[in-house]
Amino acid sequence: MAKELLKGNVAIAEAAVRYGLEAYFGYPITPQTEMLEYLSKRMPELGRVFVQAESELGAVNMVYGAACTGARVMTSSSSPGISLMMEGLSYIAGTELPAVLVDVMRGGPGLGNIAPSQQDYNQITHGGGHGDYYPIVLAPASIQEAIDYIGLAFDLSEKYRSLAVLLIDGSLGQMMEPAELPEMQPVRAAYPHWAARGATGRGRIVHTSIYLNPIEQEKTNFRILSRWREVQANEVRFKEYYLDDAEYAIIAFGTAGRVALSAVRAARAAGIKVGLLRPITLAPFPGNAVRELAKRVQSLLVVEMNNGQMVDDVLANIHDQTPVEFYGRPGGNVPLADEILAEIERIVKGKLTLNGHPRDRWLDRMLTKS
Amino acid sequence: MTTNYTIKTLPDLEQVAPGRSGCDGCGAVMAARWISKITGQSTIMVNATGCMCVNYGYAGAPLHPYIHSLFENTGSILSGIDAGLRALGKRREVNLVGLAGDGGTVDIGFQSLSGAVERQHRFLYVCYDNEGYMNTGGQRSGATPYGSNTATTPVGSEQQGEGLSLLRRKNMVLVMAAHGIPYAATASIAYPLDFMNKVKKAIEIDGPTYLHVLAPCPTSWGFASEESVKIGKLAVETRFAPLYEVEQGKKIVLDRRRSKGTPIIEYLKAQKRFSHLLKPENQHRVDEIQSQIDESWRYLESLAQE
């Protein structure tokens, strides 16, 4: 198929349709509402299901219900709406059902604003809802990647009977760029054996996350964790740029990673040997790749559009062997490439330390600047 | 109870600052102005996420204490303020008002509102009903009328706008009245004095009260911004949004005089959201809407006779 000029939210919605989305449930919230609007027209055209819920709580539990039937199902929202969905997400995870969620992050906490942010990293990758569960989290940095990874999200969520989240920010949802949609794929002809579709001619199917006997609950927790270990072993994805001879490296995902790549190119033009590792799977986190990278560079710079969330996962993986610095723009701000370039130059010239937390040093610099 | 306001005895007080960032002709802002004119300087307003939180509250327009609530919890925050004021012994000094749109009232906020009135907290809850999620660009809500072209009930080959019959739309005033609350009523921005006297009546009651205000939305309904009052009047005259009050969940007073029964087509043809209904092939839908309105009116009349 040829490239078209596509808006992020619309591209994700149409890609989901072409990857066989059978039921969509949603609720308006900026900056993801175009997904809801687009599918309100598109799904009925194809005889598929579109339902506008009365709240995000309604939407996520409709996803829970539809997932029980084995349908390929999805919902989308933005930060505050995702918070409201957390109980339902925990129940979906505890019931071991596949479902796909798109979070188009905005600035916060609280109502915040509708500008791009990466504030939900911890909430999404480290659970968010209660209990031990492990969503697969994919972080595209372009509309083409968003199209590709929504398909991957369906495949992985069904393969591992797990929640899969496409984590993007408002700029990826709202911007337009050329991208290629997949061919229309047929909706699945066969449904998984566990799908609750009536018990005629077979045993009844029970979907539940209630295990009043703690031993039974523990077995379930071990089963979910064992499955997660499989995901960790097989599904880690990341992209590397200019890392072969790098003396310094940036770690950044999504839009921050995209801006960081511009800064890396500018730094390379100035003769600084810097590269970029951009995690695609935020969960499972590319911890081994980060650890190996840390061994061969003088310093790591983590860039995020928040107060420093992924930086803790980086620190947890490198065991204080390499100095880490952090640069973030929270609250709905996107860092400019020049800001990141200035950070690279500062690190190259400055003294590096293993002491203290990079977030503290960053905040002091930011507060001094303003 | 004190006597009603007349034009001559209305308070001079204005508590909506100029310079707010909303649309011209916004019905919801007129509602806020007339509410706070009556509730006075001792008002505390809780305002849910929506058009008014962004274009009114955030813009600094309310000149009285103002608390932004989430989309789904206006009723809970009202309950907390009522309880907090009682704990401080300050309850009598404050007129506590909730202001939320139809999405925040009939959809996502319904649970917390129902709980708050069940517990008999003292507040006036005003729903400004612009019949959809207008702050996010005009999606349907549980209050969107049959046939409306919205961003999520588009007109196309498979559907002709909102499909839910007017007879099945949540009637929030009757739903709230069914909680047995002391006072629930409809009001319209097209009849300011009637509106303000209903606010006055409500805040004099020591308990939960509910006003459902039709707030025409030029932007999403599709009419010129100077026509908000005209559209509001047509809604009442055609019996699309009749004016009535329900006291103690039982006694219903219906304003028959203002709802004289103008044909609904007059209301529909004044708004772009219904323009597809004017096509000859959709005549049966207009007839359907007229019969739904007639049936709703007969039902209200039957309740008012008891």
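Throughout, a chain's letter reflects where its sequence line sits, starting with A, and its residues are numbered from 1. Reckoned from all heavy atoms, side chains included, excluding hydrogens, waters and symmetry mates.
- The two residues A:S40 and B:P154 make their nearest non-hydrogen contact at OG-CD, 3.7 Å.
- The CG atom of A:L57 lies 8.5 Å from the CD atom of B:E72; values are rounded to the nearest 0.5 Å.
- Put simply, OH on B:Y133 and CD1 on A:I29 are 11.5 Å apart, with the number rounded to the nearest 0.5 Å.
- Chain A forms the most heavy-atom pairs under 4.5 Å with one residue out of B:L70, B:D107, B:T153, B:T49, and that residue is B:D107.
- Heavy atoms closer than 4.5 Å to chain A are found in the side chain of B:F71, but not in its backbone.
- Distance check, rounded to the nearest 0.5 Å: CD of A:E37 to OG1 of B:T136 gives 7.5 Å.
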*Run the numbers on B:I108 and A:Y27 for side-chain contact (heavy atoms from CB on, under 4.5 Å), then give the verdict.*
CA-CA 10 Å; B:I108 190 168; A:Y27 187 73; 3.3 Å; yes
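- Atom CD of B:Q159 has more than 12 neighbouring heavy atoms from other residues, nucleotides or ligands inside a 6.0 Å radius.
- In plain terms, the two heavy atoms of B:C53 and A:L111 that are nearest each other are SG-CD1, 4.1 Å.
- Heavy atoms of A:F50 lying under 4.5 Å from chain B belong exclusively to its side chain.
- Contact annotation for A:T33: only side-chain heavy atoms (C-beta onward) come within less than 4.5 Å of a heavy atom of chain B.
- B:R140 approaches A:Q52 most closely through the heavy-atom pair O-NE2, 2.6 Å.
- Side-chain atoms of A:P28 and B:N135, non-hydrogen and from C-beta on, never get closer than 4.5 Å to each other.
- Closest non-hydrogen pair, B:E158 versus A:P44, comes out as CG-O, 3.8 Å.
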